[in-house]
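Please read the structure below before turning to the comments.
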Amino acid sequence: MKKNTEIMINVLLIALLLAVLFILERTIPSTSMLFTVLKKGAIYALVAVSMNLLNGFTGLFSLGQAGFMLVGAYTYGILTIPVDQRPNVYMYFEGGIVQFALHPVIAILLAGVAAGIFAYLIGLPVLRLKSDYLAIATLGFAEIIRAFFQWDKLGPLTNGSNLLRSYPSYKSVLFYFIFSGICIALIVMLINSTYGRAFKAIRDDEVAAEAMGINLAHHKRIAFVVSSYFAGVSGALLAMYQTSIQASMFKSAMTYEILLIVVIGGIGSVTGSCISSFLFIILSEWVLRFLDNTTYIGSFQVPLLRSGFRKVVFSVIIMVIVLFFRQGIMGTREFSVSALLGKKKKAKGGEQ
Amino acid sequence: MGETVLKVENVTMQFGGVVAVDNLNLEVNRGEIVSLIGPNGAGKTTAFNVITGVYPPTNGCVSFNGKVIVENFPKGKMKKIYMGDPVAVRSQTVQPTPDKITRLGIARTFQNIRLFKSQTVFENILIAEHMRRTSNLLTATLHLNGEEERRMRTEADELLHILELDDVRDEMATSLPYGKQRRLEIARALATKPSLLLLDEPAAGMNPQETDELTAFIGRIRDDFKLTIFMIEHHMDLVMEISDRIYVLDFGRLISQGTPDVVQNDPRVISAYLGVQEDE
Ligand SMILES: Nc1ncnc2c1ncn2[C@@H]1O[C@H](COP(=O)(O)OP(=O)(O)O)[C@@H](O)[C@H]1O
Ligand SMILES: [Mg+2]
């Protein structure tokens with residue numbers, strides 16, 4: 001069957017990708033920028049897809065990604081710092097109140113749960129209102145939670161405004177790819193399920209969706225909680241990747257970066273979000289780094305190049321995209337092998 | 001005719017200081033095709049919105065198959081500014097969301113077509129299957145509901161076949177010609193398996209030939225799907241030909257009711273209508 005061969009090809013491609021990564025790790029020094037880009041790209045791909053689930057597939061606009069990532073990152077750190085390290089890390093708080101450490105994978109899953117619980121609580125009042133309120137409420141949440149986690153009184157749990165560190169982290173890029181890949185696959189499967197169809201109906205027309213027997217509040221809540229769950233997971237992965245975290249890192253600028261990725265990739269395209277995550281990370285971590293560095297040619301200081309200029313360039317890029325390329329790279333289409341080979345995909349809606 | 005399927009009692013819908021529907025009382029019996037007519041702005045769509053749970057009425061009660069599905073009375077700020085009939089004020093509140101009304105067996109179409117724009121004809125129909133799912137979030141996501149998924153698709157395809165839409169199955173809903181979009185919207189409503197179908201101006205924007213086809217289509221689905229139909233319509237040929245009974249609304253109030261013959265010759269209807277027909 002045609003569908004089976006396509007699955008076969010995809011499985012082969014994924015195996016090939018993992019094999020290449022495996023070989024790269026054994027040939028290139030682990031400090032190489034390449035691994036930074038790959039790991040961070042995988043993490044951002046997950047959070048971008050989770051944001052797309054909400055913005056692109058359910059028509060809900062949330063700006064809380066950084067907040068949910070913070071909750072996920074902290075949950076991971078708090079639950080995994082080895083007990084014998086805690087007196088060091090929590091040195092201003094007498095070792096903190098948590099005196100156990102969980103397996104990293106379990107802690108990542110719980111990081112998602114923690115973010116999901118916050119989303120559920122925010123969603124209860126807000127998702128009944130018109131969609132615009134969600135953006136405001138989640139933005140507010142992200143700002144408040146950042147201050148809250150740095151609050152001194154919460155120090156025994158969060159270490160206040162000090163770093164969380166010394167928790168275990170996997171170094172291999174394979175781990176980030178596999179973990180993030182599984183999560184993205186789950187989101188895609190959700191989108192392709194009957195629930196995903198309900199989400200798209202809500203996105204297209206809320207009134208008609210309701211007339212089709214779809215409970216709006218219930219389904220919006222599911223989309224919001226699931227999206228936040230995976231934002232939490234990606235926060236945990238980010239914590240792991242960075243080996244130390246602090247609440248002040250999770251600024252709203254982070255949410256805007258993720259939004260930029262989603263918009264560039266195409267609102268409503270999962271593969272678009274993935275591709276644009278890597279593009280974005282390559283650009284910001286690698287290519288455009290020089291924009292932030294004060295540079296001299298001889299004794300001549302190149303104008304504009306100084307710390308923060310990268311942000312300015314990004315703002316210009318997002319404006320250009322919003323004005324001229326509203327569809328992003330992929331629009332709502334998906335990247336697929338068969339499409340690449342030029343076989344025109346039959347009109348969608350057929351067998352999944 | 002059979003027993004009462006839909007009963008609207010003392011329904012008043014007031015938006016701020018505007019009384020859109022004023023003390024409306026009507027009944028629709030099993031198997032009937034009943035029409036609701038009246039000039040633009042008379043409150044017809046608002047009446048549908050109250051029946052289907054889009055707006056809670058300011059006062060009044062709607063029953064479906066003898067059970068109260070919607071009920072309200074003026075309270076809070078509305079208590080002071082209420083301008084509807086004060087005699088029939090109720091004392092209970094039943095306020096379901098529209099999806100619940102649909103699950104009870106009342107489906108509707110919209111005056112301005114509301115298809116799912118980014119989706120195909122087939123997908124538009126398939127969405128109605130969601131409310132009958134037995135899978136939950138987990139089993140659906142992990143695609144453990146293969147049986148159910150196949151059933152949903154088969155049912156949607158069967159319906160497309162019966163309604164002769166299978167030739168456009170994979171086209172984008174919004175790429176269809178206008179008349180077919182209207183028919184698709186009715187098909188989508190039928191996919192929820194209703195016993196009562198509410199049609200809001202199904203022939204709006206259609207030419208005479210399309211209107212004739214629609215008339216036959218409505219009669220046919222009433223018989224084939226054992227429906228009761230309650231319809232808002234402006235095309236008088238269609239209304240007079242197909243309706244068992246007619247209610248006439250003007251400025252939110254019922255001004256006439258009865259068989260097509262009775263209504264057609266009612267002087268109040270003629271004056272209400274003639275005044276408007278000209279500026280349309
Ligand atoms: N949501 C609303 N808010 C305020 N006024 C409304 C609303 N919906 C309808 N109306 C008013 O109610 C009256 C009846 O409208 P409608 O029911 O759409 O008329 P019809 O369908 O008979 O043409 C109009 O005056 C309209 O402006
Ligand atoms: Mg109307």
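Protein chains get the first letters and strands the later ones, always in sequence-line order, with residue 1 at the start of each. If you're wondering where the values come from, they're calculated on a predicted model, not measured in any experiment.
- Taking B:Ile127, B:Thr97, B:Leu137 one by one and counting their heavy-atom pairs under 4.5 Å with chain A, the maximum is reached by B:Leu137.
- Both the backbone and the side chain of B:Leu142 come within contact range of chain A, each with at least one heavy atom under 4.5 Å from a heavy atom of that chain.
- For the pair A:Glu210 and B:Arg103, the salt-bridge criterion is not met [side-chain N within less than 4.0 Å of a carboxylate O].
- No option in B:Leu190, B:Leu184, B:Ile186 other than B:Leu190 meets the side-chain contact (heavy atoms from CB on, under 4.5 Å) test with B:Leu163.
- Both the backbone and the side chain of A:Leu186 come within contact range of chain B, with heavy atoms under 4.5 Å apart.
- Looking at B:Thr109, neither its backbone nor its side chain comes within 4.5 Å of chain A, counting heavy atoms on both sides.
- Between chain B and the options A:Gly196, A:Ser193, A:Ala201, heavy-atom pairs under 4.5 Å are most frequent for A:Ala201.
- For B:Thr52, no part sits under 4.5 Å from any heavy atom of chain A, backbone or side chain.
- For a residue to count as touching a neighbouring chain, one of its non-hydrogen atoms must lie under 4.5 Å from one of that chain's; by this rule B:Ala140 touches chain A with backbone and side chain alike.
- A:Ala209 touches chain B through backbone and side chain together, each having a heavy atom under 4.5 Å away.
- The parts of B:Arg114 that come within reach of chain A are both its backbone and its side chain, each placing non-hydrogen atoms under 4.5 angstrom from that chain.
- Counting heavy atoms from C-beta on, the side chains of A:Ser234 and A:Met69 come closer than 4.5 Å.
- In this structure, A:Phe141 has its ring center under 6.0 Å from that of A:Phe68.
- Interface remark: of the candidates A:Leu190, A:Asn215, A:Val188, A:Ile222, A:Asn215 forms the most heavy-atom pairs closer than 4.5 Å to chain B.
- Looking at A:Val207, both its backbone and its side chain come within 4.5 Å of chain B, counting heavy atoms on both sides.
- Contacts between B:Phe110 and chain A at a heavy-atom distance below 4.5 Å involve the side chain alone, from C-beta outward.
- Looking at B:Arg188, both its backbone and its side chain come within 4.5 Å of chain A, counting heavy atoms on both sides.
- In summary, B:Glu149 and B:Arg133 do not engage in a salt bridge, as defined by a charged side-chain N under 4.0 Å from a carboxylate O.
- Between B:Arg151 and B:Glu147, no side-chain nitrogen of the basic residue sits less than 4.0 Å from a carboxylate oxygen of the acidic one, so the salt-bridge criterion is not met.
- Ring geometry, B:Tyr247 versus B:Phe230: the interplanar angle exceeds 60°, so the pair is classed perpendicular (tilted spans 30 to 60°).
- The distance from atom CG of B:Leu6 to atom CD of B:Glu27, rounded to the nearest 0.5 Å, is 9.0 Å.
- A salt bridge links B:Lys193 with B:Glu155: the closest approach of a Lys/Arg side-chain nitrogen to an acidic carboxylate oxygen falls below 4.0 angstrom.
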